[in-house]
Amino acid sequence: MDTDRLPGCYRHPDRDTGISCTRCERPICPECMISASVGFQCPECVRAGSGTGHRPAANAPRTVAGGAVAADPHLVTKILIGINVLVFLAALSAPALAVQLELIGGRYREYLGGPVHGVATGEYYRLLTSVFLHVQWWHIIGNMIALWVIGGPLEAALGRVRYLAVFLLSGLGGSALVYLLSEPYVPTLGASGAVFGLLGATVVLAKRLRYEMRPVIVMVVLMLVLTFVPLGGALTVSWQAHVGGLVTGALVGLGMLMPSAGRHRALVQWGTCAAVLLLAAMVILIRTAELT
């Protein structure tokens with residue numbers, strides 16, 4: 001077999017060619033190649049395009065992460081705030097609901113004379129439902145303001161789907177670290193872990209766009225100071241949720257923002273999400289094994 005032979009045209013396999021379509025990268029012979037603004041394209045890519053040789057989706061405006069630019073760049077942030085507010089109101093009207101949604105790691109806890117089972121018994125949904133749960137007005141107001149201020153610009157930069165992935169994975173990462181390191185029967189709730197994750201991704205975004213880093217770094221340091229230096233009163237801060245969310249958001253942000261445009265960018269982005277999800281799952285399973 002001659003390993004030095006050129007590949008055959010995908011439409012005419014008997015014709016060797018050294019030219020590939022700039023869109024799909026399939027080999028094309030001189031009869032099939034059609035001139036484009038850059039290189040040559042195959043007839044199928046030209047037919048699938050919109051008159052410029054590009055596929056229709058390729059002509060749509062894209063965010064820095066490759067997501068579609070939406071008419072309302074803050075829609076997902078608004079929906080997340082709305083869900084948090086609805087859950088808050090539901091918990092006010094039915095306090096027992098909060099007990100069913102908050103993050104409790106242990107296997108068993110008495111509440112109002114009845115048993116409440118935690119994550120260790122298989123109620124893994126608590127790791128995410130607790131992210132949307134608040135029971136005090138100052139808690140939800142603070143988190144929702146932070147979600148709007150930090151999340152809105154990040155959503156516009158990433159696109160809706162990628163932004164939602166950062167939020168959910170950051171919330172899960174924060175909950176996983178809480179589950180691993182906190183006392184198993186201390187309830188934890190709130191969106192701050194996910195908000196810290198958005199902040200971590202914002203640091204990556206600022207670096208990617210070569211923005212002035214000092215304001216972002218100051219914000220991170222300030223929020224970490226508020227995490228580790230108690231201010232007294234009724235506020236109890238879960239540093240595990242904040243640190244876990246911050247690190248998770250930064251990792252997912254790296255995967256979303258650092259790859260340059262190309263065929264494999266989406267693969268790197270969603271592969272990073274899958275890897276972070278797998279890491280969180282390993283942490284959760286390890287803790288579950290300890291508690292059971």
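Worth saying up front: this structure is predicted, and the values here are computed from it rather than measured.
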What closest approach, in Å, do V237 and H242 show between heavy atoms, and which atom pair accounts for it? CG1-CE1, 3.2 Å
For the backbone of G118 and the side chain of T121, can you confirm whether one donor and one acceptor N or O come within less than 3.5 Å of each other? yes
Heavy atoms only: give me the nearest R160-A71 pair and the separation to one decimal. NH2-N, 4.5 Å
Heavy-atom count around M223 CE within 6.0 Å, excluding the residue itself: above 12? yes
Would you list the atom pairs, donor with acceptor, under 3.5 Å between side chains in residues 281-288 and any protein atom, with sequence neighbours excluded?
residue: R287; atom: NE; partner: Y179; partner atom: O; Å: 2.8
residue: R287; atom: NH1; partner: E290; partner atom: OE1; Å: 3.1
residue: R287; atom: NH2; partner: S182; partner atom: O; Å: 3.1
residue: T288; atom: OG1; partner: Y179; partner atom: OH; Å: 2.7
residue: T288; atom: OG1; partner: I284; partner atom: O; Å: 2.8

Considering all heavy atoms, the nearest V135-F88 contact: C-CE1, 3.8 Å
Is there a donor-acceptor pair under 3.5 Å between the side chain of H134 and the backbone N or O of A191? yes
Over 12 non-hydrogen atoms of neighbours within 6.0 angstrom of CD in E212: yes
With a 4.5 Å cut-off on side-chain heavy-atom distances among I, L, V, M, F, W and Y, is there a chain of contacts connecting V268 to V64? no
Side chain to side chain contact (heavy atoms under 4.5 Å, CB included) assessment of C273 paired with L169: CA-CA 8 Å; C273 292; L169 286 172; 3.7 Å; yes
Just one of V178, L177, T227 clears the side-chain contact (heavy atoms from CB on, under 4.5 Å) bar with S238, so which one? V178
For residues L278 and L128: do they belong to one hydrophobic cluster (side chain heavy atoms under 4.5 Å, members Ile, Leu, Val, Met, Phe, Trp, Tyr)? no
Residue among L127, V131, T129, L189 satisfying side-chain contact (heavy atoms from CB on, under 4.5 Å) with L103: L127
Geometric class of the H74/W148 ring pair [parallel <30°, tilted 30-60°, perpendicular >60°]: perpendicular
